[in-house]
Amino acid sequence: MAADFTTSNPNPLLLLCLYAVYICISTSISLSALVVDAQKTLGLVSEHKSTSSQLKDSLVYLWPLPTEYTFGNGTLSVDPDLSLAVGGNGGNSAIVRDAFDRYRAIIFKQSSSKLRKRMMNSHISKVRVIVHSDIEELQLGTDESYSLIVAKSDDRSIIAEATIEANSVFGALRGLETFSQLCTYDYETKSIQIYNAPWYIRDRPRFAFRGLLLDTSRHYYPVDVIKQIIESMSYAKLNVLHWHIIDEESFPLEIPTYPKLWKGAYSKWERYTIEDADEIVNFAKRRGINVMAEVDVPGHAESWGAGYPDLWPSASCREPLDVAKNFTFDLISGILTDMRKIFPFELFHLGGDEVHTDCWTSTPHVQQWLRDHNMTAKDAYQYFVLRAQQLAISKNWTPVNWEETFNAFPTKLNPQTVVHNWLGGGVCPKAVGQGFRCIFSNQGFWYLDHLDVQWDGVYNADPLEGITDASEQQLVLGGEVCMWGEMADPSVVQQTIWPRAAAAAERLWSKKEAISTRNINITALPRLQYFRCLLTRRGYSVGILETVIFPVRGAFLATCPQENNLNAKSS
């Protein structure tokens, strides 16, 4: 008979110690650190309670945090018949009007004009959007700044107005997102409220490049799923979808000049037509998001040979692409020509990572080519990368390459090259020190398929780490989180991306000084948890924020509050 260990009143300290020992054995976490953290969670010790409470009371539940803001202590209702008024050269843009309609639907998702009580307080009946420029070209460095004022027209008026002013339509989109986050559903009055009015916000991004990589070569994502991901990116003010379309496993994209290439797709149902790609690019643009396509060469390209076997060095040794044949470069040129008609963004990713040259050195005709050109395999790798770069530049693209190219031959790369860091720290400082621009994606923090990396690791990573010179800091374009697809299909991709991608999004948008001071578990975590809940209310499957292993706190973080007045400090 088993011993009975049940008790009516278990000792919390005993349970704490037993659980801490178990966790430390299984995860190598410091026992003392876990015990202290868990004691704080259970309320067995205090940790400057008054200070923590004051910090939490001062939080603004906007994500990412705006650059500058002030707020009051009033409450404004938002009229269900909210209308749009426009001004400036670009205010009447279809991009602005479509965005207003989208956000109006989001704001009033839970509200009904038939159910609301008569509004007794001041109310907002109009959003005025003023856009100074009518240019709708979206490129790297497009002005995304905006100002947002939410206030009564005067002290005696019951009529209030929200005014968004921006230099570009894409700045106006960012302002509409912020306005939507200020709008809260009140379950008592069944109406939309804005608390702590008046609001005065001036906002702009810290970095020009704020990206998310999506890998559609390891798992196929339907067009609608890609659109959902793009939509959710706009809520966090990310502005570049790095579309890793092709890899050794599959070639799903239609290339009209070389129509047999998509024989390398997983199946005839798992492909993207040029119309699909164009639709994705235009959908993204209307949300202020560029699409940077990637065609990885010369490695990661076995799937290319399904349609054109001559691209393989041999039938039994299938990558890297055959460096010895002009046909290889003719085909790459044809791919780039076709893709240039679809992807207007100035950056194009040429990969260049993880190139293993054994096929070149073990295939007779490539061996002979190397001897004829007095090249080693490393020389041939350099030759291939540089020739592909020239093809991209000839089509008015700026080449982006993974950091292996910079690590292998930095003095030979085209000066226009953007170096994409991924292997670890210290690469961007070296790259900008030699005059190259850089994108930060350190895999230790910003690879979303690394499920062991928790939100605070993502949040604390900084693209400017180790770079103190102001002119070199300007060469860091920003960064991107990477959603590699080996272990993520459409059923889990959103909850793998979110909410950790949002942690990087605030790092890339908000002022470092504003989001790196004090205890981020108090200043950032509650806001990130609220943004996670905002995504769920908007219909997205979002992962759990796991900050510590102790179950009491984990259970708390797994819940979403009703959309209450978290921004109402005075209530």
Side-chain angles (χ1 to χ4, degrees), residues 135-142 207-217 239-247 251 253-258 261 272 274 277-278 280-282 284-285 288-301 304 321 328-353 355 381-406 409-410 412-422 431 435-439 441 475-480:
I135 298 173
E136 295 184 354
E137 183 181 12
L138 181 62
Q139 288 292 351
L140 185 68
T142 292
F207 290 102
F209 188 108
R210 307 180 307 281
L212 167 70
L213 178 147
L214 185 66
D215 174 15
T216 61
S217 61
N239 71 342
V240 178
L241 176 71
H242 175 178
W243 190 4
H244 187 86
I245 309 173
I246 300 155
D247 213 288
F251 196 117
L253 181 66
E254 179 185 15
I255 303 295
T257 302
Y258 291 93
L261 278 169
Y272 304 105
I274 56 172
D278 188 63
I280 287 167
V281 169
N282 286 315
K285 179 182 177 179
I289 295 173
N290 280 300
V291 179
M292 177 176 70
E294 179 177 355
V295 173
D296 195 351
V297 294
H300 292 283
W304 299 35
L321 295 169
T328 300
F329 297 96
D330 291 341
L331 184 138
I332 292 173
S333 180
I335 291 173
L336 297 182
T337 297
D338 285 353
M339 294 182 74
R340 197 63 175 109
K341 299 170 185 175
I342 305 168
F343 297 97
F345 190 40
E346 65 195 76
L347 301 182
F348 190 90
H349 210 300
L350 291 168
D353 64 313
V355 178
Y381 168 43
Q382 174 186 306
Y383 166 82
F384 201 118
V385 168
L386 298 184
R387 190 165 173 182
Q389 284 192 334
Q390 286 302 319
L391 289 171
I393 291 168
S394 72
K395 302 177 194 313
N396 201 30
W397 262 322
T398 297
V400 183
N401 283 100
W402 294 108
E403 70 174 73
E404 284 95 327
T405 59
F406 172 78
F409 40 89
K412 301 297 183 180
L413 286 174
N414 189 287
Q416 297 183 42
T417 304
V418 177
V419 177
H420 195 167
N421 154 246
W422 74 278
F436 293 103
R437 291 179 293 174
C438 192
I439 296 170
S441 291
L475 295 175
V476 179
L477 300 182
E480 71 176 31

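Just so you know, residue 1 is the first one in the sequence shown, and it goes up from there.
- In this structure T398 satisfies the side-chain contact (heavy atoms from CB on, under 4.5 Å) test together with L347, Q416, V418, R437, sequence neighbours excluded.
- In terms of the side-chain contact (heavy atoms from CB on, under 4.5 Å) criterion, residue partners of Q382 (sequence neighbours excluded) are, by chain and number, L386, F409, K412.
- In this structure, T337 and T257 have side chains that are not in contact, with every pair of non-hydrogen atoms separated by 4.5 Å or more.
- Put simply, the side chain of S441 never gets that close to the backbone of W422: no donor and acceptor are under 3.5 Å apart.
- Note: T405 OG1 to D353 CG = 9.0 Å, rounded to the nearest 0.5 Å.
- Looking only at side-chain heavy atoms (C-beta outward), D338 and I274 stay at 4.5 Å or farther from each other.
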Run the numbers on Y272 and T216 for side chain to side chain contact (heavy atoms under 4.5 Å, CB included), then give the verdict.
-> CA-CA 10 Å; Y272 304 105; T216 61; 3.5 Å; yes
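- Here the NE2 atom belonging to H300 is positioned 8.5 Å from the CD atom belonging to E294, to the nearest 0.5 angstrom.
- Taking the six-membered ring for Trp and thresholds of 30 and 60 degrees, H242 and H349 have nearly parallel ring planes, at less than 30 degrees apart.
- In this structure, CG on L350 lies 9.0 Å from CG on L391, to the nearest 0.5 angstrom.
- In this structure, the separation between CD1 on I246 and CH2 on W304 is 6.0 Å, given to the nearest 0.5 Å.
- Side-chain atoms of Q389 never come within 3.5 Å of backbone atoms of L413 as a donor-acceptor pair (strictly under, hydrogens ignored).
- For the pair E403 and C438, the minimum side-chain heavy-atom distance is 4.5 Å or more.
- For the pair E137/T142, no side-chain contact is recorded, criterion being any heavy-atom separation below 4.5 Å from C-beta on.
- Put simply, the side chain of P399 reaches to within 4.5 Å of the side chain of I393, judged on heavy atoms.
- Scanning all heavy atoms of the two residues, the minimum distance from F251 to I335 falls at CZ-CD1, 4.2 Å.
- Between G288 and N239, the closest heavy-atom pair is O-CB, 3.6 Å.
- Minimum heavy-atom separation, Y381 to G352: OH-O, 2.7 Å.
- Scanning both residues, E480 and I439, for their nearest heavy atoms gives N-CG2, 4.3 Å.
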Checking side chain to side chain contact (heavy atoms under 4.5 Å, CB included) for the pair T328/V297: CA distance, chi angles, key distance, verdict?
-> CA-CA 10 Å; T328 300; V297 294; over 6 Å; no
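- Every residue was checked against the ring-ring contact (aromatic ring centres under 6.0 Å, His included) condition with F345, not counting sequence neighbours, and none meets it.
- Between N421 and V419 the shortest side-chain heavy-atom distance does not fall below 4.5 Å.
- Using the six-membered ring where Trp is involved, F343 and W243 have ring planes that are perpendicular, over 60° apart on the 30 and 60° scheme.
- The shortest non-hydrogen separation linking S217 to D247 is OG-CB, 3.1 Å.
- Taking all atoms of both residues into account, the shortest heavy-atom contact from V385 to P298 is CG2-CD, 4.4 Å.
- Taking CZ of F406 as the reference point, atom CG of N401 lies at 12.0 Å (rounded to 0.5 Å).
- Side-chain atoms of F209 and N290, non-hydrogen and from C-beta on, never get closer than 4.5 Å to each other.
- In this structure, NE2 in H420 is found 11.0 Å from CD in E404, a value given to the nearest 0.5 Å.
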Could you give me the CA-CA distance, side-chain angles and deciding distance for Y258 and D330, then say whether side chain to side chain contact (heavy atoms under 4.5 Å, CB included) is met?
-> CA-CA 10 Å; Y258 291 93; D330 291 341; 4.1 Å; yes
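- Two residues are said to be in side-chain contact when any heavy atoms from C-beta on lie closer than 4.5 Å; M339 and L253 meet this criterion.
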